[in-house]
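This one's a predicted model, so the numbers in the text were calculated from it and none came from an experiment. A, B, ... follow the sequence lines: proteins, then strands. Residue 1 opens every chain.
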Amino acid sequence: MKNNNLNLLGDYFSIRNGLILIKDEIFILKEDNQIIFDGDDILIKIDDKFTKLNPLEKKRLKKVYKSRAVKPYGYLLEEQEGYLLFFNKSEFEQSDIGERDIKISKLYPNLSKYLKQFEQELKETLENANENCYDFYFPRRGSHIRQDRDKGLVNLEPLYDNSPKIFFKFISKENIFGYALDQYYATSDTYFLWSKKPTEFPLLFLLAYLNSSIVSFIFKSKSLAVKRSKTKIENGIPLPAFSKFKTKEKHSIIELIQLLTEWLVYSVNTFKESDVYLIISQLESSYYLQTAENLTYKDRIIKAMNDNDAKYIQEFINNLFYQLFDLDENRIDYLTKEYYNV
DNA sequence: AGAACAGTACTCTAGTATTG
DNA sequence: CAATACTAGAGTACTGTTCT
């Protein structure tokens, strides 16, 4: 059955857990409890006293989320778990252990003091798991990954910090794929898609595809429910061969899918009037919506956008995918309802 | 109460790097 | 270049929580 020409999600993306920490409660600092924000100052609790962090130290605190924050096209801002204390091993690569310790405590005097409160406990955990106990400053997994067998490690910090990324829950029955443009760190109950090689199609198109009813159908028909296993997702989700879409009509569908997805991303996350105006103005020049038979949809889409009706936009995207793949939407709906009980 | 689920982090393994 | 050490990958054991 295996078709060697089939593009799979796993061919283009590595799926990796978020950060696996030695102990979440030590590395994830909760506001008001372990850290306080006072204007531009950040204070951290060490031996029951709040101590002010230096500017370099502030950069080591990252917004961190758990999988309950994941939602289609975005994440729930209010579900931020806390601030991750993230030391990056590659910052200290060249030094030996002793030198590294000194360097850390010089550059990050307060943060290292904070961690040293728990040094014994952290070292014991690492020792027990046969891991290097001197690395108690760092996440155990998820800060660096190997993309290809013959290539070096990729440092994910800049990608977590400031790069568009797609992620989903570690355990989920549905195809819900979140998206973040800004700083988004997550614990190991979230999986991230990290690009292995440039794909032919843009990330927003992939995001739309993964959240579409097509992939929902694939999830159900292949029983791909994510349950502590990523290989099923890597090998179970086919990616369309972009080069097959040759006609102007197909390209106009792809263009419109991206535009609508962009709107969904805005509507789910930071809703800015100016961004929405820009999208609506781009709708005017959409080739797909210019043809006589599709003209009526334009007003309907604009209305849905003004009403913040994400459901309509999602359904429209679903239909666009059916058209793109020359599928009979009624047939898929029938199959889904009849045989998958939804 | 017991089952099912979700979150956490433990641990085995495979592959890479180092060393002698 | 073989032996050994190290590290990241992967799956799951364990535990606390929620559902029935």
Exactly one of A/Lys63, A/Arg60, A/Lys62 clears salt bridge (charged side-chain N to carboxylate O under 4.0 Å, His left out) with A/Asp161, and that residue is A/Lys62

- Task: Would you please classify the geometry between the A/Tyr83 ring and the A/Phe37 ring as parallel, tilted or perpendicular, with 30° and 60° separating the classes?
- Result: tilted

Taking for A/Asp135 and for A/Ile20 the nucleotide of DNA chain C with the nearest heavy atom, the one nearer the 5' end belongs to A/Asp135

- Message: Parallel, tilted or perpendicular, judged at 30° and 60°: which one describes the rings of A/Tyr108 and A/Phe92?
- Response: perpendicular

Identify all pairs in which a protein N or O lies below 3.5 Å from an N or O of nucleotides 11-13 of chain B, and state each distance.
from, atom 1, to, atom 2, distance (Å)
B/dT11, OP2, A/Asn128, OD1, 2.4

Has A/Lys230 got a side-chain N or O lying under 4.0 Å from the OP1 or OP2 atom of C/dA10? yes

Does the side chain of A/Arg16 get closer than 4.0 angstrom to OP1 or OP2 of C/dA10 through an N or O atom?
yes

Between A/Phe245 and A/His251, the two heavy atoms sitting closest are O-NE2, 2.9 Å

Check your understanding: When you check the phosphate oxygens OP1 and OP2 of B/dG7, does a side-chain N or O of A/Ser188 lie under 4.0 Å from one of them?
Key -> no

Rounded to whole Å, CG of A/Asp24 lies from P of B/dA9 at a distance of 4 Å

query: Does A/Thr187 have a side-chain nitrogen or oxygen under 4.0 Å from the phosphate oxygens OP1 or OP2 of B/dA9?
result: no

**Charged tip of A/Lys248 within 45° of A/Tyr287 ring normal and under 6.0 Å** = yes

From CG of A/Leu122 across to P of B/dC10 the rounded distance in Å is 10 Å

Between CG of A/Asn17 and P of B/dG7 the distance, given in whole Å, is 13 Å

A/Ile171 atom CD1 is separated from B/dT8 atom C1', nearest whole Å, by 10 Å

Whole-Å distance, A/Gln147 CD to B/dG15 P, equals 17 Å

In whole angstroms, the gap separating P of B/dT8 from CZ of A/Phe27 amounts to 15 Å

Rounded to whole Å, the CG-P distance (A/Asn235 to C/dA10) equals 11 Å

Salt bridge present between A/Lys116 and A/Asp47 (N-O < 4.0 angstrom): no

(message) For A/Tyr297 and A/Phe316, take the angle between the two ring planes, folded into 0 to 90°, and tell me which bin it lands in: parallel under 30, tilted 30 to 60, perpendicular over 60.
(response) perpendicular

Regarding the side chain of A/Arg146, the nearest nucleotide among B/dA17, B/dA9, B/dC5 is B/dA17

Atom NE2 of A/His144 and atom P of B/dT16 are separated, to the nearest Å, by 18 Å

